[in-house]
Amino acid sequence: MNKYIFVTGGVCSSLGKGVAAASLGSLLESRGLTIRMIKVDPYINVDAGTMSPYQHGEVYVTDDGAETDLDLGNYARFTRSTLSRANSITTGQIYQEVIRREREGSYLGRTVQVIPHITDRIKQRIRAVGDESGVDVTIVEVGGTVGDIESFPFLEAVRQMVHEAGRRNVLAVHLTLIPGVANGELKTKPTQHSVKELREIGIQPDILLCRAPTPLPDELRRKIALFTNVDHDGVISAYDIQSTLYEIPLMYHKQGLDRICLERLDMEVPQEDLSGWEHVVEVVTGAEKTVRIAVVGKYIELSDSYKSVDEALIHGGVANDVRVELVKIDSEKLDQDQESMRRAFAGIHGILVPGGFGGRGVNGMVAVARFAREEKIPYFGICLGMQVMVIEYARSVLRYEDADSTEFTPDSPHPVVSLLEEQVDVKNYGGTMRLGLSASRLLPGTLVRRIYGTEIIHERHRHRYEVSNAYRQQLNEAGLLTGSVTEDYSLVESLEWKDHPWGLGVQFHPEFISKPVEAHPLFQAFIAAAGTYGEQRAGDADAG
Ligand code: GLN
């Protein structure tokens, strides 16, 4: 029988449901079980591709090019679950599919309704991942908060699945909030109400993950158990972690979350191995050396907008046994004269410019790329961060002061980054996005080839514009070298600065596949280079 664990949320959003679900997944994997993770999102958007990073955080991209909610990024960092289009389900998709079938006449003239048609489709989509993959456990995170109008069809589908498959096969985990009031007292009332609401829909939670500022005293856990009809050992204290989110699996494990889930699901409880997570926490909290990386972008105010990049940098630190401190710099607000740049980047050991869309803040990024190149500070450009390297080089070295991407200046006299169809002059081809996994060929003798140690790699893409082939040779000859290309050599995939200790721009997004226990090689190499740069600077300062 296939086993499912549903993770719902109560009281309010942003309590860390995604990380909780992913942590549970990682704990089951640490016991040798296979899992799949699914996110269901109650919004009507078909995918997260068109949602603003300001509102929604980063858009996460899967191998097959689905643009999803950033929680899939958490799943990718915490677990080995394969993730594709099938693992991200939204209300928009469900309605689109049901309406399409209705138009095709598949419902044979019946009235099409939320129950059973929408809920059936939700269950089918969930089972298509869980049942068909044959994994031990499928964990489904239900987005939104219990009580939202939008979440209702999903919760109803959960209720039906518990009813159909039985409580020994389907578990309901509910994440809720126990706020502390002014005198520090912890309050259980919002949790009682949230569980009441869940039970009104027909779902009795098996386990409660209680988010609270501090660990819950035992008598409070007993009180919650009594009021919510959840067993005492199922009331788990999800207290605030000060150090790193990667400690969360360990926090849950100490309270037996993974064991309790397996016991309730009538499964064996194999021995766990958490040494990987313990090592990550050890380095992130205890490493002696710190490497300071500036992340320069335009969505800086929102902490989640470059989530995968931020995390991948930390993973690079783990691989080098150093702590990584992130310094966020808003490229739009940056003063671009040399003096101000020196001040802004004092004490920084490496600079990363991440991806982005639209022209706002791009000139600031260009100035930063120039500064990093001239000052020989390790620089890592991702997607837009690589295109910025091209614009900068064309402006300052090739002396095309009006060089730009046609994304920002459509009629630029020197369109060094442009749409493919502009390059070959085929109009109406449609500026479609290049999305998902594709192969790159790493050229011999390049930095990227040394780092990956292989010729062909596969990385995920999410971009529309390309380095113009018309300028490729000029740029190469002037010292902005092509490091890799598409497999057929037709497009540039990465560039590097000649005569620079570490200046690399990649058109793809390596951050999406980095894990704390397995840092992506580019992030590992970047942090190593930044560490070396930092040591040299310290050495210079001592000598001076
Ligand atoms: N805006 C650029 C493009 O579409 C870069 C995209 C990105 O950084 N993800 O090509």
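Whatever order the structure lists ligands and atoms in, that order sets their numbers, starting from 1. Model, not experiment: these values are computed from the prediction.
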*Asks:* Go through the steps for Glu311 and Lys515 under the test salt bridge (charged side-chain N to carboxylate O under 4.0 Å, His left out), then give the verdict.
*Replies:* CA-CA 8 Å; Glu311 294 303 322; Lys515 292 181 196 298; over 6 Å; no
*Asks:* For atom 10 (O) of ligand 1, what's the nearest protein heavy atom and its distance?
*Replies:* Tyr465 N, 2.8 Å
*Asks:* For atom 9 (N) of ligand 1, what's the nearest protein heavy-atom neighbour? Residue, atom name and distance, please.
*Replies:*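 For atom 9 (N) of ligand 1, the nearest protein heavy atom is Arg462 O, 2.8 Å.
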*Asks:* So which heavy atom on Ile329 is nearest to which on Leu334, and how close?
*Replies:* CG2-CD1, 3.6 Å
*Asks:* Would you mind checking if Lys307 and Glu58 are paired as a salt bridge, meaning a charged N to carboxylate O distance below 4.0 Å?
*Replies:* no
*Asks:* Please state which protein non-hydrogen atom is closest to atom 7 (C) of ligand 1 and give its distance, to 0.1 Å?
*Replies:*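 The protein heavy atom lying closest is Cys383 SG, 3.0 Å.
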*Asks:* Does Leu384 reach ligand 1 with a nitrogen or oxygen that is under 3.5 Å from one of the ligand's nitrogen or oxygen atoms?
*Replies:*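 Yes, since at least one N or O of Leu384 sits under 3.5 Å from an N or O of ligand 1.
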*Asks:* Got the closest protein heavy atom to atom 3 (C) of ligand 1, with its distance?
*Replies:*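 Ranked first by proximity to atom 3 (C) of ligand 1 is Arg464 N, 3.4 Å.
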*Asks:* Tell me, please: is His509 in heavy-atom contact with ligand 1, that is, under 4.0 Å?
*Replies:* yes
*Asks:* Glu407 heavy atoms, cut-off 4.0 Å: which ligand 1 atoms fall inside?
*Replies:* 1 (N), 2 (C), 3 (C)
*Asks:* Any idea which protein heavy atom is nearest atom 5 (C) of ligand 1, and the distance to it?
*Replies:*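 Of every protein heavy atom, Gly356 O, 3.4 Å lies nearest to atom 5 (C) of ligand 1.
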*Asks:* Hey, would you say the His349 and Phe526 ring centroids sit under 6.0 Å apart?
*Replies:*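 No, the ring centres sit 6.0 Å or more apart.
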*Asks:* As a test of understanding, state which of Asp64, Ile513, Leu435 forms a side chain to side chain contact (heavy atoms under 4.5 Å, CB included) with Arg460.
*Replies:*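 Passing option: Ile513.
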*Asks:* Of Trp497, Tyr533, Phe345, which meets ring pair (Phe, Tyr, Trp, His ring centres under 6.0 Å) against Tyr379?
*Replies:* Trp497
